[in-house]
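Residue indices begin at 1 and follow the sequence shown. These numbers were taken from a predicted model, which means no experiment stands behind them. Ligands are counted one by one from 1 in listed order, and the atoms in each one are counted from 1 as well.
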Amino acid sequence: EQQSQTFIRSPIVVVLGHVDAGKTTLLDKIRGTAVAKREPGTMTQHIGASFLPWKALESICGDLLNRIKAEIIIPGFLVIDTPGHEAFSNLRKRGGSIADIAILVVDVQRGLEQQTFEAIDILRERKVPFVVAVNKIDRIPGWKSFPDKPFIESFQKQEPSVQFRLEEFLSYIIQQFNSLGFRADRYDRVRDFTKVLALVPLSALTGEGVPDLMLVLAGLAQRYLKKRLETKISSGRGVLLELKEEVGLGTTATLILYDGVIKRGDLVVTGGLNGPIVTRVRSLLMPKPLDEMRSPEDKFQEVKEVVAAAGVKLVAEGLEEAIAGAPLYVVTNESEIEKFSKLVEEEIKGVKFEKDVVGVVVKADTLGTLEALIGFLKKNNIPIRVADIGPVARRDLVHALMVKEKDPLYAAILAFNVKILPEAKEEAAMNGIPIFWGNIMYRLVEDFQAWHQAQRE
Ligand code: GDP
Ligand code: MG
């Protein structure tokens, strides 16, 4: 029988930003700080994510907490371990994202860069609110570091000339945001976080400013996401973040559950390369606590059920066909199988397509990256004939050759993070069809555009 009590789940947090802005360092710092506190209820590792319970946040934020007047109702944060566009793209759901909040990391001295703009585009498109971590303040000449202290404390202790330098960098970043149509300000000067982007100056390396970041995140979640975070103990919903081969288990999925509950033995529907997959949960695995591991292979422990928000390893038959970025629904009543299969199918068909138009062929590794790439190409007015998941195959060349007869400038293949099968490579070389390969979206699109432009001249 279904219980129907509602509760507030943890918000799902993702980290985005330009390469080298400090995403990994920041994630490590957030987790490390929590672990180092060694207090009851500190961080717990999930699969693909880390859970920071409110207790851990309290010890990170300290006195700063008095600044949020409301009572804290979120249990903590579920922070996705992999930063960057790709993980974010796969946390998709129709018309939006299952990520509740994003941290956009910007290098204080460099401001917004190419992938920052790209990230802002995706966040906007998927309507995900974000906070800006203005990172590496410790690199500002003359900065004195106060490890793990709140930014507002550390800032007050800096020389006026150093404070001034920081303010200059911040106003440049604020201007950059303004030119994109955002209002933005240093977080402690923001009154309405729904109207003004909050910039939190910090150092992922020394930890100063990290408490402020956590506080702003908590405040945002608490005040503006409450409705969205309400969930029921009912059938689970999630998304496949990643697929992974595990010795002895076959293909397994990292499932990010954003609503309800999933149990061992549950019937689930998810998306596959050849249509919806209906399968039964064989087991649900979570990381084994370090002190219980007997060998490096002894990584997982079985759990009977998992409640949102959570990251869990799903073991089930048929996952070798599954697509990362596909939704997953728990079926509580067999009569729902058809309904959910249709939902999954429609969702995948909404991304993959084949049209009889003169345009490029796009192949990507996951549903999320394909969707993001289609978005970029559309923005750049590049027509698409085929958008599909999987390696570049001979079939794709057939499409490109048809396009070549009508307009050779679009007879090209854009491959994002997928293999190019040997026979496809051969056929492409023989027919002079370029295959652009990449794992950074804007570069892939730029490479194509450069070629397109050169051909035209
Ligand atoms: P990512 O590519 O965004 O994940 O960036 P990383 O976290 O790998 O950081 C890139 C480089 O910047 C590394 O050498 C980090 O040690 C350095 N870095 C990151 N954050 C900071 C910071 O706050 N201060 C300083 N001085 N260096 C940092
Ligand atoms: Mg990194």
A.B. asks: Work out which heavy atom in Ile12 is nearest to a heavy atom in Leu257; give both atom names and the distance.
C.D. replies: CD1-O, 4.5 Å

A.B. asks: Evaluate Phe130 against Phe182 for ring pair (Phe, Tyr, Trp, His ring centres under 6.0 Å), listing each step before the verdict.
C.D. replies: CA-CA 12 Å; Phe130 60 98; Phe182 287 96; 5.8 Å; yes

A.B. asks: Under a strict 4.0 Å criterion on non-hydrogen atoms, which protein residues are in contact with ligand 1?
C.D. replies: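 Residues within 4.0 Å of ligand 1: His18, Val19, Asp20, Ala21, Gly22, Lys23, Thr24, Thr25, Asn135, Lys136, Asp138, Arg139, Ser203, Ala204, Leu205.
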
A.B. asks: Extract all donor-acceptor atom pairs below 3.5 Å that involve side chains of residues 362-391 and protein atoms in other chains or at least two apart in sequence.
C.D. replies:
residue: Lys363; atom: NZ; partner: Pro391; partner atom: O; Å: 2.8
residue: Lys363; atom: NZ; partner: Asp396; partner atom: OD1; Å: 3.3
residue: Lys363; atom: NZ; partner: Asp396; partner atom: OD2; Å: 2.7
residue: Asp365; atom: OD1; partner: Thr369; partner atom: OG1; Å: 2.7
residue: Asp365; atom: OD2; partner: Asn417; partner atom: ND2; Å: 3.1
residue: Thr366; atom: OG1; partner: Asn90; partner atom: OD1; Å: 2.8
residue: Thr366; atom: OG1; partner: Asn90; partner atom: ND2; Å: 3.4
residue: Thr366; atom: OG1; partner: Gly368; partner atom: N; Å: 3.4
residue: Thr366; atom: OG1; partner: Thr369; partner atom: N; Å: 3.0
residue: Thr366; atom: OG1; partner: Thr369; partner atom: OG1; Å: 2.9
residue: Thr369; atom: OG1; partner: Thr366; partner atom: N; Å: 3.3
residue: Thr369; atom: OG1; partner: Thr366; partner atom: O; Å: 3.2
residue: Glu371; atom: OE1; partner: Arg92; partner atom: NE; Å: 2.7
residue: Glu371; atom: OE1; partner: Arg126; partner atom: NH2; Å: 2.8
residue: Glu371; atom: OE2; partner: Arg92; partner atom: NH2; Å: 3.4
residue: Lys379; atom: NZ; partner: Asp121; partner atom: OD2; Å: 2.5
residue: Asn380; atom: ND2; partner: Phe376; partner atom: O; Å: 2.8
residue: Arg385; atom: NE; partner: His399; partner atom: ND1; Å: 3.0
residue: Arg385; atom: NH1; partner: Val357; partner atom: O; Å: 2.8

A.B. asks: Which N, O or S atoms belonging to the protein are less than 2.8 Å from the Mg ion (ligand 2)?
C.D. replies: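 Counting only protein N, O or S atoms under 2.8 Å from the Mg ion (ligand 2), the list reads Thr24 OG1.
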
A.B. asks: What's the separation between atom CD in Gln449 and atom CZ in Arg443, rounded to the nearest 0.5 Å?
C.D. replies: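 Rounded to the nearest 0.5 Å, the CD-CZ separation comes out at 14.5 Å.
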
A.B. asks: Assess whether side-chain contact (heavy atoms from CB on, under 4.5 Å) is satisfied between Tyr442 and Val445, documenting all intermediate values.
C.D. replies: CA-CA 5 Å; Tyr442 75 87; Val445 176; 5.7 Å; no

A.B. asks: What I want to find out is whether Asp20 reaches Arg110 closely enough, with some N-O distance under 4.0 Å, to be called a salt bridge.
C.D. replies: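 Looking at Arg110 together with Asp20, the answer is no, because their closest N to O distance does not fall below 4.0 Å.
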
A.B. asks: Leu240 and Ile323: which non-hydrogen atoms are nearest, and at how many Å?
C.D. replies: CD1-O, 3.7 Å

A.B. asks: Under the 6.0 Å and 45° cation-pi test, does Arg186 pair with Phe155?
C.D. replies: yes

A.B. asks: Just distance, no hydrogens or angles: give the donor-acceptor pairs under 3.5 Å from side chains in residues 75-89, sequence neighbours left out.
C.D. replies:
residue: Asp81; atom: OD1; partner: Arg31; partner atom: NH1; Å: 2.6
residue: Asp81; atom: OD1; partner: Ser50; partner atom: OG; Å: 2.7
residue: Asp81; atom: OD2; partner: Gln45; partner atom: NE2; Å: 2.8
residue: Asp81; atom: OD2; partner: Ala49; partner atom: N; Å: 3.3
residue: His85; atom: NE2; partner: Glu118; partner atom: OE2; Å: 2.9
residue: Ser89; atom: OG; partner: His85; partner atom: O; Å: 2.7

